Amino acid sequence: MMAGIQIISFIFISSVLLHTHSADDTYFATMPQTVTALTGSCVQIPCTFNISDFEDKHKKSESINGIWLKNKSQFADSDGFIAFNSSKNTIRGFSDIQITGNLSERNCTTVFYNIMKNHSDFYYFRLEMEPNVFRATFNPNQPDSIKTVNITVRDSPQPPELKPNDKHSVMENTTVNLSCSAEAPCPKQPPTISWSNIPESAHITTQLQEKHDKTLSVFSHMTFKASYMDHRKNISCTATYPRKTLEDLTVETPVMLRVLFPPKETHIFITPSASVSVGTNVTLTCKSKASPSNDMNYTWYNHGQEMPITRGKKISFIVTHNNTGSYFCIAQNKHGNQSSAEIQLTVEGERGFFYRVIFGCTGALLAFVLLSAIFFYCMRTNKSSQDHVIGRDQATDKNSDMAIYANSSSVSNKKSEKKENDGLHYGEIDFSRLQMGNMTREHSNNGPQTVYAEIQMTGKNIKKTVEQMDSKI
Ligand SMILES: *[C@@H]1O[C@H](CO)[C@@H](O)[C@H](O)[C@H]1NC(C)=O
Ligand SMILES: *[C@@H]1O[C@H](CO)[C@@H](O)[C@H](O)[C@H]1NC(C)=O
Ligand SMILES: *[C@@H]1O[C@H](CO)[C@@H](O)[C@H](O)[C@H]1NC(C)=O
Ligand SMILES: *[C@@H]1O[C@H](CO)[C@@H](O)[C@H](O)[C@H]1NC(C)=O
Ligand SMILES: *[C@@H]1O[C@H](CO)[C@@H](O)[C@H](O)[C@H]1NC(C)=O
Ligand SMILES: *[C@@H]1O[C@H](CO)[C@@H](O)[C@H](O)[C@H]1NC(C)=O
């Protein structure tokens with residue numbers, strides 16, 4: 001079936017070619033089927049023609065004229081008219097028309113200036129080689145060849161063509177080529193192309209290029225390495241058409257780039273804050289940029305622990321002293337994963353401060369009470385002593401030291417202190433009493449009378465007692 005059609009069409013084409021070649025005056029013109037012109041601008045019709053024995057005919061003729069017929073190939077027809085006759089440069093319905101091609105070189109390229117809406121039509125080219133060498137309107141009756149050009153006039157240009165289009169997604173770090181083309185119907189006033197949202201690494205080249213039908217377009221090529229920063233960026237190509245009398249026209253075509261990449265900029269967002277009081281409902285949110293982002297996985301970890309705590313974009317919990325510490329999350333999509341920096345969740349604020357104040361005050365108060373008690377005790381027990389006056393001052397000094405020793409409960413320190421102050425008995429006595437006071441609570445069988453007995457002893461004896469008491473502890 002297909003073969004049959006092919007054979008038939010082959011025979012048909014062959015017969016047409018044979019027919020035209022065998023005819024004495026074969027002639028044809030080549031021009032685009034349609035051109036789109038912009039109001040207020042010009043339009044160039046690229047055009048070439050050929051006639052059998054053109055060189056001979058050219059030699060025989062005195063003049064060679066190009067004629068453009070509007071709407072009808074028959075110039076006598078009432079619906080159409082002769083828009084241009086190069087013989088006497090007659091122009092009708094247009095402000096200016098110029099055949100810029102050299103007719104002697106079979107180039108019938110023509111520019112129509114100051115295009116208006118009513119210029120939209122079919123135009124036929126006619127050649128007249130005078131005197132009476134060749135006169136014909138090109139290929140009006142041959143169905144298989146281009147015989148006319150359709151000029152379409154628009155008030156605003158068509159948006160530039162941008163390739164590839166939106167559906168295109170590219171992997172991060174791959175090279176992307178975008179090409180933008182804007183028709184240049186009037187080559188003397190070609191559009192200028194500009195890009196917006198240009199990626200950082202972009203390299204752009206722009207040039208005027210001929211298309212297959214010989215019409216011109218401005219082509220701009222942009223090459224860049226896809227970065228995740230370019231994801232969902234609307235890169236657009238803008239064509240600006242300058243016009244002589246009217247204002248410039250601007251058209252633009254955007255393309256939204258889809259860049260595929262593994263998670264980036266992963267970080268934890270914490271509400272209400274990273275430093276909260278116990279009992280606060282804290283929410284940690286793992287935020288990350290990735291593409292695609294619909295199949296994201298988030299995993300939460302504690303510092304130094306291999307096992308994840310939980311999964312999910314957000315975690316919420318009531319803060320206790322137990323769940324403070326370092327947290328981090330790992331975001332993952334099908335192209336890879338990324339870990340966030342660790343965040344430190346601390347218990348801070350009113351309660352912590354309050355406790356510290358309470359402990360501090362209680363401690364100070366306790367020390368003061370003890371000191372006072374000791375002081376009065378000394379006053380009473382040493383009323384008859386010779387060292388009374390001196391002892392009182394030094395005892396006060398000693399007492400402050402001893403309060404510290406009592407806290408650190410280090411025997412060796414106490415001993416060395418005692419050696420240094422061997423002559424001062426008050427200190428020793430007071431100290432041992434202090435230790436006893438603590439111990440009696442735990443060892444109730446050791447009555448305070450032991451202390452009493454030792455108090456009257458010399459420094460050496462007291463040391464012994466202290467050692468005994470420590471070993472009991
Ligand atoms: C073009 O102009 C020449 C000279 O005026 C004239 O002889 C010729 O007939 C014109 N052609 C047409 C198609 O009107
Ligand atoms: C188009 O319209 C203008 C006036 O608006 C007129 O001068 C001109 O002849 C018309 N051209 C054609 C080809 O109809
Ligand atoms: C025809 O002439 C035009 C205008 O001068 C020129 O731009 C074009 O290259 C020529 N075409 C050919 C095939 O020589
Ligand atoms: C990009 O363009 C699309 C459609 O033209 C629009 O919906 C979107 O908001 C634009 N994005 C940005 C970031 O401008
Ligand atoms: C903590 O807050 C989150 C979000 O506001 C809520 O979903 C959750 O139920 C709260 N948790 C408790 C224990 O109130
Ligand atoms: C805190 O941890 C300790 C031991 O690790 C546990 O005994 C206690 O129940 C925990 N408290 C809370 C509120 O989870």
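The structure presented is a predicted model; accordingly, all values stated were derived computationally and were not measured. For ligands, and for the atoms within them, numbers begin at 1 and follow the listed sequence.
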Atom 5 (O) of ligand 5 protein-contacted (non-hydrogen atom, under 4.0 angstrom):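 No, there is none.
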Residues Thr206 and Ser220: side-chain donor-acceptor under 3.5 angstrom: yes
Note, Met256 side chain near Arg232 side chain (heavy atom, < 4.5 Å):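 The answer is yes; the side chains approach within 4.5 Å.
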Looking only at protein heavy atoms, which one is nearest to [atom], and how far off is it?
| atom | result |
| --- | --- |
| atom 2 (O) of ligand 3 | Asn107 ND2, 2.4 Å |
| atom 1 (C) of ligand 2 | Asn118 ND2, 1.4 Å |
| atom 13 (C) of ligand 3 | Thr48 CG2, 4.0 Å |
| atom 7 (O) of ligand 2 | Met116 CE, 4.8 Å |

Ligand 2 N/O within reach of Gly93 N/O, cut-off under 3.5 Å: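 Between Gly93 and ligand 2 (N or O atoms, distance only) the closest approach is under 3.5 Å.
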Sub-4.0 Å atoms of ligand 3 with respect to non-hydrogen atoms of Thr100: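 Within the 4.0 Å cut-off of Thr100, ligand 3 contributes 4 (C), 5 (O).
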Enumerated ligand 3 atoms positioned under 4.0 Å from heavy atoms of Gly101: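 Near Gly101, meaning under 4.0 Å from one of its heavy atoms, ligand 3 has 2 (O).
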Lys/Arg N to Asp/Glu carboxylate O, Lys264 vs Glu172, below 4.0 Å: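 Yes, Lys264 and Glu172 are salt-bridged.
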Under-4.0 Å salt bridge between Lys163 and Glu161: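 Yes, charged N to carboxylate O under 4.0 Å.
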Atoms in ligand 2 with a heavy atom of Phe81 nearer than 4.0 Å: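 The list of qualifying atoms is 13 (C).
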Part of Arg92 within contact of ligand 2 (heavy atoms, under 4.0 Å): neither
Phe112, portion touching ligand 2 at heavy-atom distance under 4.0 Å: neither
Nitrogen or oxygen atoms of Asn281 and ligand 5 under 3.5 Å apart: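 The answer is yes, given that Asn281 and ligand 5 share an N or O pair closer than 3.5 Å.
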Whether Phe94 and His119 hold their rings parallel, tilted or perpendicular, with breakpoints at 30° and 60°: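 Rings of Phe94 and His119: parallel, as their planes differ by under 30°.
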